[in-house]
Amino acid sequence: MSKLFTVAPDSDFTLANLPFGIFSTAGSAPRVGIAIGDRILDLAALATEGGFDFDSAVLHRPYLNDFIALGKEVTGRARTQVQTWLREADSPVAPRHLVRREEATLHLPVRIGDYTDFYSSIEHATNVGRMFRDPDKALLPNWRHLPVGYHGRASSIVVDGTPVRRPRGQVLPPGADVPVFQATDRLDFELEMAFVVGKDSTLGETVRVDQAEDYIFGLALFNDWSARDVQRWEYVPLGPFLGKNFASTMSPWIVPLEALEPFRVAGPEQSPRVLPYLQTDVPGNYDIQLEVTVNDRTVSRSNFRYMYWSMAQQLAHHSSNGCNVRVGDLMASGTISGRDPSAYGSLLEITDNGRSGSFLADHDTVTLTGHAGSGAERVGFGRCGGRILPAHPSSH
Ligand code: CA
């Protein structure tokens, strides 16, 4: 079987991973696949020939939602079955089911209903508070009591490789008291991860913190592109708007939570103790090394384990008022910064708000990568990249 694909020593896509995505090849429709080494297993084709205990129609869709909606028991079993088949010499997986990744186009993996962005790294929130408000009171009084978040925009979330147009917007020039409308000159990335909701909850009901992981299908890398000058002028009092929603980029493969189980770790100690509905004894973080490059130069090395608030706490808080979630909803972590400046997850922090460096230039390419483990146990996320296109010429 191993003749059918090659798993390079530093491959993100080992047998321990097997993430799900949507791919197409020349002349064929987008469908569900699994990344393995340098190939994509055409799960739709394999299932059509039989072998799974569910209706293969859900694999012939241009998004993962209907497959995910079958539930973790079914999707987890399908993944374990594939894992066994890819290890065995005698299995239904044949060369025709394995597509070379370079011959495939990868698509946005989920039809995203609602998108929420949290703000869950204490280092990031402290750094931003110090720059934008008061260095002595960088964290606002609510921050250690609830996972701060806002509702974002799903329509502008794009997949790895999609170019991002520099947005135009209202900014307040230094010293001015009226704004101008111009192309942002403070274009930034935000190093984030996002989880895909895998199960509907009921409107009016809450998801308890100890149930929350049942509602999380898997994770991807996420770049919440930000126009800092637009953001700074517009965000009072209702929060982020056009400085954020012009584009966000996600990686094409959704790594199921099961694949990340060996890398589960405890998060930072929470002090003061959080309210009972957010309390849990289960370690809720994952040791995932993250890296950002700008034009192939590494500008940040961080880790998902630094998050102050876990995904389970984010989801429990999100539903604590009865707000329901649906399969395919996306919830992003917020910028993942570490203590050391080499682990800062945005140029805002890395350059001290532009004092010691520049924001993004036209034609810059920003790429996020991430992985847990190493060797045959490595579980990686592939690539989450995008290149900046110049702003459209002014029409004003
Ligand atoms: Ca963000």
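We count ligands from 1, going down the list as the structure has it; atoms in each ligand are counted the same way.
Ion pairing between R228 and E190 holds under the 4.0 Å rule for side-chain N and carboxylate O.
Among the heteroatoms counted here (N, O or S) of D224, OD2 is the one nearest to the Ca ion (ligand 1). Nearest N/O/S atom of D117 with respect to the Ca ion (ligand 1) is recorded as OD2.
Inspection of the Q270 and R144 side chains reveals no N or O donor paired with an N or O acceptor under 3.5 Å.
Rounded to the nearest 10 degrees, the angle OE1 (E190) to the Ca ion (ligand 1) to OE2 (E192) equals 90°.
A cation-pi arrangement, defined by a distance under 6.0 Å to the six-membered ring centre and an angle within 45 degrees of its axis, is present between R111 and Y63. Note that R232 lies in the cation-pi zone of F132, set by a 6.0 Å cut-off to the ring centre and a 45° limit from the axis.
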